[in-house]
Structure formats: structure tokens, C-alpha cells
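Here is the structure we will look at.
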Amino acid sequence: MPDPANTEPSNAPALTIEGLRISAATEHGRVDVVDDVHLTLRPGRITGLAGESGSGKTVTGLAVLRLLAEPTLRVESGRILLGDLDLARLPRGELRALRGRRVSMVFQEPMTSLDPAFTVGTLIGEVLRRHLGMDRRAARERAVELLDRVGIPEPEKRVDSFPFQLSGGMQQRVLIAMAVACGPDVLIADEPTTALDVTVQAQILRLLRSLTDDGMAVLLVTHDLGVLAEHCDDLVVMYAGQVVETGPVDDVLAAPAHPYTAGLLAAVPSTARRVERLATIPGTVPPPHLLPAGCRFVARCPHAAPVCEEPVTLEDAGGGRSRRCARAAELDLEGVGR
Amino acid sequence: MAGYAVRRLLTAVPLLALIGFGAFMLTFMIPGDVAATIAGESATPQRIEEVRRQLGLDDSALTQFGRWAGGVLQGDLGTSMIHRIAVTQMIGERLGVTVSLVAFGLLIAVLVGVPAGLVAGLRPGRWTDRLVTVLTTLGLAVPAFWLATILIIVFAINLGMLPATGFVPITENPLRWLESMILPGLAIGAASAADVARQSRSAVAETVGRDHVRTSRAMGLRPRSVVGRHVLKNSGIPIVTVASLQVERLLGAAVVVELMFAMPGLGQLTVSAVRARDIPTIQGVVLTIAVVVILVNLLVDLSYAWFNPRLRKR
Ligand SMILES: Nc1ncnc2c1ncn2[C@@H]1O[C@H](COP(=O)(O)OP(=O)(O)OP(=O)(O)O)[C@@H](O)[C@H]1O
Ligand SMILES: [Mg+2]
């Protein structure tokens, strides 16, 4: 008889974040910029992380690899579990050995994120040599294969190119090749296509999808709900440093459980199929030092009620979904039909 | 890369010609009359005139320049008017001393300055950074001749650890050469080390904040690769630039310090030649130093292309 705890290996999370709280030193003193973030990444699935600017998406992503700009930014509490390893507490040396090998990251600006002083072959090879102990020649051969894998034409030639000799899309492919060179379990992609033009965006997103075939889990940070709808399996919505809603993309888009999610959907013409209903959420995100004690969205919420002044937790709603709204059960929010 | 080097070398030729012309013409502005010096105190005006004619000083400036330049092209810098020896020979005997001293000072500047700048720049605002800032300010404020005096008093006279004067060629006795280099090298190298540290610090501090350094951390590279390869190579251009500027500064300081340590280098030669208005010697020294500086700049330019691949495509 198989042990019921691990009957479905593909269902075991690749990465779990529990109760993550991150503070930042600001002119208003030390304030929490991320608070009580929970999320789960599953093997072979792309999880979209959405939210307005300043909601804490990048900080959350960087925290997974412990790349926060210390001491300005600091993880205060919470767990970041990769299997049974807590990345938030792992000794530095062990963490470094995992970075690039089991957890990896690609960034928004491929142009500035690649070292201009080395060839792409050297950059990719360096990761392989560091983690897999390859020699120079083997690393170079593998680098050519990886360039081919991420869709770079003439990889034997391109391996000796410097980053500045490549287009933005090609640079992002190189960055992805570096990140996935050692076959990581988890890839954090922080707005990897924002700096690229639209046709290239779609190619990069399809590439990410194809890379999940081997079971890699992806956290895709994006502003773009169109990208979420089309390229993601699961969705995590953040507002003012908190996760306000999670669930499978299709379910959440069809019937959002949090008024903020519903507002986002209404605000984006590419997902709200009815363009005439284009609206924006009135008001702005409160800065981290001026957050209310209760629901952080209360000042902008069309459904706000006295109960919303009380602190509210992220609660499980069944069906793989969760939400942080005191009135979720009574509201019937409009989503987008698919 | 080779094409770049050749092109760069060719641009040095007109520059050298220009400097040669400048050096030659400059000597006409030096007050005093070498003919009178050579003819002696009690010489008659006719005698002085005769000496002047013998030396070819009555020809036009352009004729004199042509004669001199023709010699230079054949590796002949002329003959010292005072010592009656070939200028090339005199410079050859002394160049080793000055080059040793400048190279030693530069070595100190780089070996002290770059690590100090690295330590400070990697963690700006820390106590190590503040310490380096204080030391560089101090180092830049202290004149070489003053430091030389202090070093001689402390290490040569009081402690008797190192020689106060003299120079031993490295070919003769490497250990004694090193001993004779330490105090003058420190005296001229301190300010340069401070300058190199300061520039390295700001270059490194700027580079560590770049996105691609975060990428190398995200890929799990060890700190020594992140710093030693990615940070250092990307900070290379400002560091090499400031180091190359030290060559000029060190040459200037060497003139003074050679005199203080009684080292038979170009500094001594220049001072005595200027005093005696020994024009061919002065011209020879200026040209030699110009060649050294141009060669250094050429190497520096080539290193830029190594640090920044974008420059190779030009
Ligand atoms: N280095 C820092 N020092 C201080 N505060 C910071 C720092 N980096 C981010 N923050 C703050 O943390 C909060 C979250 O920022 P973060 O960059 O994670 O937002 P984001 O969701 O990624 O936004 P965007 O969509 O614009 O990328 C913001 O309030 C921001 O001001
Ligand atoms: Mg961001």
C-alpha cells in the first residue's frame, strides 16, 4: 500500500511560503512592506503573482533567494520551504549552493542583468562549473545545448557573443538559460517580459511554459492580467504587501473572491472582454507606514462595511482557493467569462 | 584586438613628433647661455661666440631642430654639452633607477590601493569604509618629501633597518636592491595608493549595486567569483585609469625623492642639466619620459578593450 501522504508526488509543493513578513528601513522608520504572505508553487505549474506597483511582488521574489538588499530590507518572520529546507534560515554557504541549482531567478531588465564583460558562453558555463563541477570544455558544450534549448538560433556562434551583441529578447533567453542550466525545481521570474516588445513577450512566455515540462515550478511576477489569463495555471494576488487571493487562474478570473481582484479585472481591457466597461480602481495603494489595522483595501473598496475595520486573515475557501475578505461569503463579484 | 593595437600605436607617432618638437622649442625659453657657461668665467665675448658657433647654436631654431630630430630618428639624442658624453648613455645609466623606483611605487599603490578600495566599496558606510576614507585623505595630504624625511629618520637613522641612501642595481644584488627601494618607494607610493584606493572604492561601490552582480549572486556563484571576476572586471577601467595617472605623479615625486635618497636617477640628471642649461640632456630626458608615458597610456587603452568588449568593435 502506498503511503497516503505521498501518493501523488506531482502534487507535493515545489516551494511553500508561510507567513512571510519583510520590513524595510524608510524615512518613517522600519515598516513592514510584506506581511503574512502565503503561497504555494507546484511542480510543472506557472503561478502568476499580480498586484499594483509597490504591492511587494519583487521583494517577495527576492526573499526566496535571500537577495534582498540588506540591511535595508530584512525578513522578519515566516518560512520559505523548499522540500524540508527552510530557505529563510539556511546557513549562507548552503543557501549559495542551492541558488542557481535548485532555486533560480530571472529579472526584468535583461540588458543590465547580464554581465557585459563576459561572453554568454562564459556566463552560462560559469553556473554549470560552479554547481555541476563541469570542466571548461564540457560547460561550453552544454552552454551551446542550452542556448539551443531556449531558442537561440546558431547557438555555436552565439555562445561567443557578448550580451550587447544580442537583442533584448535574446538576452532574456540567455538569462533564462543561465537560470535553468542546472535544472532547478523553482524559477522566480520577475516581470521577465516587461522590457520586451509584445511579440517577443509571447515567445518568452511560451518558452517558460515549455520549461515546466520537466516539472519545474515557476513564479511569474507580472502586472499584466492578460499574461496571467493566458500563460498561468495558478494566481496569487497581492495588495499592499499582503496576499489577498489565491487559486487556479480560470476559477479566480471567472469568479473573483476579493473585491480587489474584481477591481483589477475590471480595470484591464485585455481580460475584461467588454472594453466599454473599462474602469480603474479609484484611489491609490496606501504607503507601508499608513496601513489601516483592518482590511488594507477598505478605503478603495466599493463593498466596505464596518466589519472591514477588523483585521482579516487569509482563509481557505476550498477548491484550492483562499481569500482575505471579511465579506467574501456574502459578496457576488463579477469576473470575466472565458 | 591586434588591429586595434596597431591602430592605437600609429596614433602615438604624430603625438610623439609633437612632443619632440615641443620639448626642443621649450629649451629655447630657458634663460641663460650655455656657451657662456662652457667658455668659462673669464672668457671674452669673442670666445663665447666661438663656442656658440662650435655647438651650432648660431643656426636657426628650425635648422637646429632638424639636426636634432634627424639624430633622434637614428637613436642619437646628441652629446651632453657639459659632460661631453652621449645623452643616450647618460639616460641609459639612470633610467633603470627611476623606472625601478616608479614601478615599485606603482606596485605599492596597486597592492595597497585596490584591496583597500575593494574592502571599502563592497560595504559602503561600514567602519572599514570610514577607516579607508580617513587613511586616503591622510595619504593624499602628505607630501612625498616630508614622508621621505620621516621614513629616513625612523627606519634608517633611528632603527637602522634600511639604508638611508644609495641604489643597488637589481642585477647586482636583488635583496639589496629591494632594501634600497623600500623607503623611497613608500615615500612616493603613499599618495598614489591613497588615490588608487579612493577611485577603486567608488568604482567598486558603483559596480556592486548593478543588476548583473545580483544575477551572479542569484546563480549561486561564490563571493570570490562574484567579487573577483564580476565586480572587479567591471570596475577595471576607472581603476586602471587612476593607476596609469599615477605614473606621471610618481615620475614627478621620483625627481625629488631621488635627490633625498641620493639615488643616481633621471631626477638628479634633470636637475643638474637644467642648472647647467645642458640643452641636449634636457631634451633627451623630456623625450624619454614622454615615450614612457605614451607607452603606459597605450597599454592602458589596450586594457580598456579587454575590460569592455564593446570597445573592440571600433
Ligand atoms: N530597497 C528598498 N528600500 C526600501 N523600501 C523598499 C525597497 N525595495 C522595495 N521597497 C518597498 O517595498 C514595497 C514593495 O516593493 P516591490 O518592489 O516589491 O513592489 P512590486 O510589487 O514589485 O512593484 P512593481 O510592480 O513596481 O515592481 C514598496 O513599498 C517599496 O517602496
Ligand atoms: Mg517589482
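We name chains A, B, ... by the order of the sequence lines, and we start the count at 1 in each one.
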Non-hydrogen atoms of chain B under 4.5 Å away: do they reach the side chain of [X], the backbone, both or neither?
X: I188(A); value: neither
X: L98(A); value: neither
X: L114(A); value: backbone
X: A97(A); value: neither

Between [X] and [Y], what is the shortest heavy-atom contact and its length?
X: L175(A); Y: M219(B); answer: O-CE, 4.4 Å
X: M105(A); Y: A218(B); answer: CB-CB, 4.4 Å
X: P223(B); Y: R96(A); answer: CD-NE, 3.4 Å

How far does [atom1] of [X] sit from [atom2] of [Y], to the nearest 0.5 angstrom?
X: F162(A); Y: N308(B); atom1: CZ; atom2: CG; result: 9.5 Å
X: R130(A); Y: S216(B); atom1: CZ; atom2: OG; result: 12.0 Å
X: L65(A); Y: R217(B); atom1: CG; atom2: CZ; result: 12.5 Å
X: H131(A); Y: L221(B); atom1: NE2; atom2: CG; result: 6.5 Å

Subject >> CZ (R30(A)) with more than 12 external heavy atoms under 6.0 Å >> reply: yes
**OP:** Please check if atom CE in M111(A) has more than 12 non-hydrogen atoms from other residues, nucleotides or ligands closer than 6.0 Å.
**Re:**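 No, CE of M111(A) has 12 or fewer neighbouring heavy atoms, counting only those of other groups under 6.0 Å.
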Using side-chain heavy atoms (C-beta onward) and a distance below 4.5 Å, is [X] in contact with [Y]?
X: Q108(A); Y: D211(B); answer: no
X: D115(A); Y: N234(B); answer: yes
X: F107(A); Y: R214(B); answer: yes

Original post:
So, E126(A) versus H230(B): side-chain donor-acceptor pair below 3.5 Å or not?
Top reply: yes
Original post:
Any sub-3.5 Å donor-acceptor pair from R101(A)'s side-chain atoms to G220(B)'s backbone N or O?
Top reply: no
Original post:
Donor-acceptor pair, T215(B) side chain versus S113(A) backbone, under 3.5 Å?
Top reply: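 Yes, because the side chain of T215(B) sits within donor-acceptor range (under 3.5 Å) of the backbone of S113(A).
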Tell me which donor-acceptor pairs under 3.5 Å the side chains of residues 102-124 of chain B have, and how far apart each pair is, sequence neighbours excluded?
none

Subject >> Pick from A117(A), S104(A), G100(A), G93(A) with the largest number of heavy-atom pairs that fall under 4.5 Å of chain B >> reply: A117(A)
